[in-house]
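What follows is a short report on a single structure.
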Amino acid sequence: MINFYNVTKLYPNGVKALNDVSLSICKGEFVFLVGPSGAGKSTLIKIIFREELPTRGQVLFGGKNVARLRPREVPYLRRKIGMVFQDFRLLSQKTVAENVAFAMEVISASGKDIKKRVPEVLEQVGLKDKLNVLPKELSGGEQQRVCIARALVNSPAVLIADEPTGNLDPDTAWGLMELLEEINKAGTTVIMSTHAREIVDVMKKRVVAISQGKISRDEECGVYCDEL
Amino acid sequence: MINFYNVTKLYPNGVKALNDVSLSICKGEFVFLVGPSGAGKSTLIKIIFREELPTRGQVLFGGKNVARLRPREVPYLRRKIGMVFQDFRLLSQKTVAENVAFAMEVISASGKDIKKRVPEVLEQVGLKDKLNVLPKELSGGEQQRVCIARALVNSPAVLIADEPTGNLDPDTAWGLMELLEEINKAGTTVIMSTHAREIVDVMKKRVVAISQGKISRDEECGVYCDEL
Amino acid sequence: MQSIARNSWISLASIGTVSVSLIIVGVFTLVFLNANQFTQGLESGLEIRAILKNEQSRTDLNRINYSIESISGVSFVEFISKNQALEEMKESLENRKEILEGLQSENPLPDAFKVKAETPEQIVPIAKEIEAIEGVEQVIYGQSFVEKLVAATRWIRYAGAGLLGILCLAAVFLISTTIKMSVFARRKEIEIMVLLGATKWFVRFPYLLEGMILGFLGSLLSGLVVGAGYLSLVNHLDQALPFVSLITDKLVVLKVLGGIVGVGLLIGAIGSTMSIRKFLKT
Amino acid sequence: MQSIARNSWISLASIGTVSVSLIIVGVFTLVFLNANQFTQGLESGLEIRAILKNEQSRTDLNRINYSIESISGVSFVEFISKNQALEEMKESLENRKEILEGLQSENPLPDAFKVKAETPEQIVPIAKEIEAIEGVEQVIYGQSFVEKLVAATRWIRYAGAGLLGILCLAAVFLISTTIKMSVFARRKEIEIMVLLGATKWFVRFPYLLEGMILGFLGSLLSGLVVGAGYLSLVNHLDQALPFVSLITDKLVVLKVLGGIVGVGLLIGAIGSTMSIRKFLKT
Ligand SMILES: Nc1ncnc2c1ncn2[C@@H]1O[C@H](COP(=O)(O)OP(=O)(O)OP(=O)(O)O)[C@@H](O)[C@H]1O
Ligand SMILES: Nc1ncnc2c1ncn2[C@@H]1O[C@H](COP(=O)(O)OP(=O)(O)OP(=O)(O)O)[C@@H](O)[C@H]1O
Ligand SMILES: [Mg+2]
Ligand SMILES: [Mg+2]
């Protein structure tokens with residue numbers, strides 16, 4: 001479903017964030033992306049999402065070359081992906097419910113569907129009593145969960161979460177992991193970058209470790225591990 | 001040094017983030033603030049920093065009532081506190097070095113001191129080769145470390161860190177903890193809110209647990225624990 | 001509409017800028033139109049006087065009249081007998097009539113034709129042609145004055161039109177800057193929309209609508225201010241300076257106001273579309 | 001300075017707004033000053049003519065001259081003999097001189113005094129007083145024309161000053177809106193500064209400086225444009241319409257330009273200080 005062939009990403013300021021990365025993720029997989037801070041996890045994710053373009057190499061999403069998409073095809077690529085951004089990216093002028101609803105409006109969902117689906121998904125992340133609150137009135141963890149709800153609301157084919165548990169307490173984080181596993185069982189491909197050693201070790205999923213822009217390890221049923 | 005007497009915080013939208021909290025933190029202590037997402041940790045921190053005012057009750061910092069400070073005394077309170085914000089709050093127009101230097105400029109440090117101290121502290125957080133880069137060109141963890149460097153740069157009397165390891169891999173996080181312990185040994189009071197169970201359990205410091213706006217547990221040499 | 005309400009401060013500032021800019025343009029348009037009408041009034045008062053040789057026959061007069069009328073550019077011809085000429089002169093001398101009393105019995109003034117041209121520029125060539133007609137002794141048309149007036153009014157018109165053009169450009173600049181800034185202040189919003197998979201048109205539409213609404217409200221406001229101000233000015237002036245004739249044709253005023261509103265809408269729409277463009281690049 | 005460079009787009013927009021607004025104000029100030037000078041020129045041409053009874057002695061003339069001079073508000077008195085009057089009339093009739101040829105031998109015109117008033121408003125009362133002097137037969141001052149002209153110039157002046165005032169307000173509004181927006185776009189920056197323990201003055205100072213620099217650059221630009229434009233206009237007009245006398249006094253023009261720059265600086269400084277205030281509330 002997602003294929004990287006010798007992808008290198010050089011940022012304009014000269015930083016080589018990805019160095020000759022080849023990777024293949026199949027439909028329905030659950031992949032943990034681990035690695036030290038600044039290793040290139042977010043960059044890899046941004047390239048799938050076409051937020052950044054690869055400098056060299058090819059990235060295929062569902063068989064299509066992401067870099068070669070015409071501008072008006074890009075929105076349709078993004079609609080197939082539910083994205084939890086590391087820095088949240090909530091619309092500060094809209095309430096929690098509006099933020100989540102907005103992801104549905106963008107793909108022209110019907111008003112009825114929106115009314116039904118939004119409270120549903122916000123309840124799943126434990127925010128059912130914060131519907132009409134602005135993002136700045138939320139705690140860090142709550143904001144992160146709004147972002148997760150927004151990624152889930154359209155039931156995307158692929159869910160990509162960039163450190164979705166960074167601001168969550170262990171209980172809430174485990175609740176989220178159960179939710180992701182459920183979604184994954186229902187057929188959604190899940191890619192999640194994380195630093196939560198405990199979670200990775202317990203979940204026993206595929207682990208792709210990145211270090212200094214290179215894939216240093218790629219194991220089915222792996223652990224977080226740091227040269228253990 | 002920091003005293004809360006029956007502090008209640010009611011946000012304008014009706015959320016009771018803190019409910020009759022009394023707490024006393026002495027000079028030189030190292031305190032972990034733990035609790036589920038939305039428990040009120042950041043609110044407590046913001047009140048010490050006078051970013052929010054308590055609705056009821058009194059907060060003393062070094063014997064002075066924080067809520068009663070005159071507007072022109074507020075900057076001098078804040079200068080005594082090194083703050084790591086949960087949402088980073090970096091100046092997006094300034095480079096990493098400028099962001100850190102800015103905290104020194106604000107307190108009118110000399111140009112010579114700034115030139116010497118800034119690279120020093122950025123090296124301590126492992127960013128010595130990112131001096132002249134803008135925040136948006138950094139990974140999430142790198143941004144967080146800039147924020148930590150900025151809090152440390154003025155060697156404040158109190159260091160308050162709101163989930164400073166949320167975006168850090170375990171190795172980097174442990175490096176940071178060593179740094180904090182060192183600073184604490186040198187006499188700085190450290191208050192750190194966190195969800196990192198492993199860190200809290202290993203460090204064996206005072207743990208204040210907050211749950212639904214109330215202090216549910218306050219132990220010397222405590223553990224993270226969740227009703228274990 | 002929601003976004004207008006939530007960004008109320010910015011929206012108000014944009015509306016304010018649109019209306020202030022368009023008020024300036026509107027006021028100046030009316031000043032310019034009035035100045036134009038005034039200079040036209042001056043120009044249409046210009047006339048050529050063809051003084052005839054003494055004692056001509058009726059047929060001669062008819063012939064001369066016909067010759068003059070057939071010159072291209074002549075819009076008006078009238079015969080002024082020597083007696084009419086004397087009356088006219090008396091009137092124009094007003095308080096010094098006594099000078100002419102001695103002339104009553106023996107009128108030294110000649111017969112003449114009063115001729116008007118379609119445009120002031122044609123006066124000089126027409127005068128030349130009339131001079132060549134038999135029976136005409138002299139052509140008088142205040143040469144230096146006509147030339148000065150023609151030059152001056154042309155200058156006023158060109159300078160006015162130039163100034164008006166500059167003002168319009170200035171208004172467009174000011175309004176589009178404001179809209180650009182208001183879009184800039186919300187660039188995050190646009191980025192996020194794009195990342196959520198919104199099509200360009202979906203992102204653009206609300207801003208377009210907002211720009212048009214802001215432009216419309218702002219220009220409506222300025223239209224009302226300019227319109228009300230002008231009509232009350234016309235009323236006041238009618239009493240204070242009854243001899244000054246401002247443009248009171250409601251249709252012209254309405255056209256100006258309509259133009260203002262149209263320009264406001266257009267700038268609002270174009271300004272917002274252009275400003276988003278750079279945030280839409282993927 | 002750094003922040004001006006980093007926020008280059010916003011800074012350019014602010015400079016643009018400042019200069020465009022001040023160009024409008026500057027152009028209009030010059031138009032207004034010229035219109036004012038023109039109406040003053042018209043007014044100062046107004047005169048009263050005191051026509052004397054026939055055949056007065058030297059002493060009588062001196063007495064009348066003295067009486068007129070001692071009326072308050074009189075700025076100028078000159079004796080015009082009947083012969084001078086005839087010459088004047090010949091000149092003013094220009095192309096119709098032939099009418100007066102018969103009068104050469106026996107001049108029917110009376111002796112007179114030409115009187116000027118300090119301000120046009122004083123013409124009517126002065127005329128009344130002169131009428132009462134012995135030896136004066138009649139006072140002529142083109143009653144209706146004077147009244148019209150006085151009313152019209154007063155209107156032009158008031159309307160012009162009003163318009164100029166409105167334009168200045170508009171410019172202040174436009175500029176302060178732009179500065180407000182540019183501060184608004186960086187409200188996060190201000191919040192962070194305050195949280196890092198910056199004193200209000202420390203936060204305010206760079207914005208104040210920036211506002212002043214932007215105001216200064218913008219107004220300098222507009223001063224240069226207006227100044228250069230005006231001087232070239234003066235040159236062109238000198239050739240095209242030598243009889244129109246624009247204000248060419250370098251000092252006046254410089255004062256206007258200096259005023260523009262001063263206003264720009266001031267608005268820049270005040271605008272930015274005011275705009276930050278609301279983000280500085282702790
Ligand atoms: N927009 C950018 N321009 C230039 N360099 C960048 C940019 N974004 C990231 N980088 C650099 O690329 C490298 C990889 O960054 P990336 O965000 O992919 O790291 P990461 O693995 O997500 O780290 P973290 O766990 O801290 O989020 C880092 O060194 C970072 O400084
Ligand atoms: N500015 C605000 N206005 C209104 N409510 C707020 C505001 N900030 C926080 N809250 C609410 O107050 C409660 C406590 O928030 P706080 O940020 O203190 O939580 P926290 O313990 O820091 O959580 P986290 O671990 O997720 O950061 C939450 O329910 C939150 O929604
Ligand atoms: Mg990252
Ligand atoms: Mg928090």
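Since we're looking at a predicted model, the values are computed, not measured. Proteins get letters first, then strands, A, B, ... in listed order; numbering begins at 1 in each.
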Counting only heavy atoms closer than 4.5 Å, note whether A/I81 contacts chain C via side chain, backbone, both or neither. neither
Identify which part of A/R89 has an atom lying under 4.5 Å from any heavy atom of chain C, answering side chain, backbone, both or neither. both
To the nearest 0.5 Å, how far apart are NZ in C/K188 and OG in A/S92? 8.5 Å
Got a second to check how far A/L91's CG is from C/M193's CE, nearest 0.5 Å? 6.5 Å
I'd like to know which of A/E51, A/K80, A/R72, A/M83 tops the heavy-atom pair count under 4.5 Å against chain C. A/E51
Are any of the side-chain heavy atoms of A/R150 and C/I192 separated by less than 4.5 Å? yes
[atom1] of [X]: more than 12 outside heavy atoms within 6.0 angstrom?
| X | atom1 | answer |
| --- | --- | --- |
| A/E123 | CD | no |
| C/F216 | CZ | no |
| A/Y11 | OH | yes |

Search all heavy atoms of [X] against all heavy atoms of [Y] and return the closest pair with its distance.
| X | Y | result |
| --- | --- | --- |
| C/T199 | A/P75 | CA-CG, 3.9 Å |
| C/L196 | A/R79 | O-CG, 4.5 Å |
| C/L195 | A/R78 | O-CD, 3.5 Å |

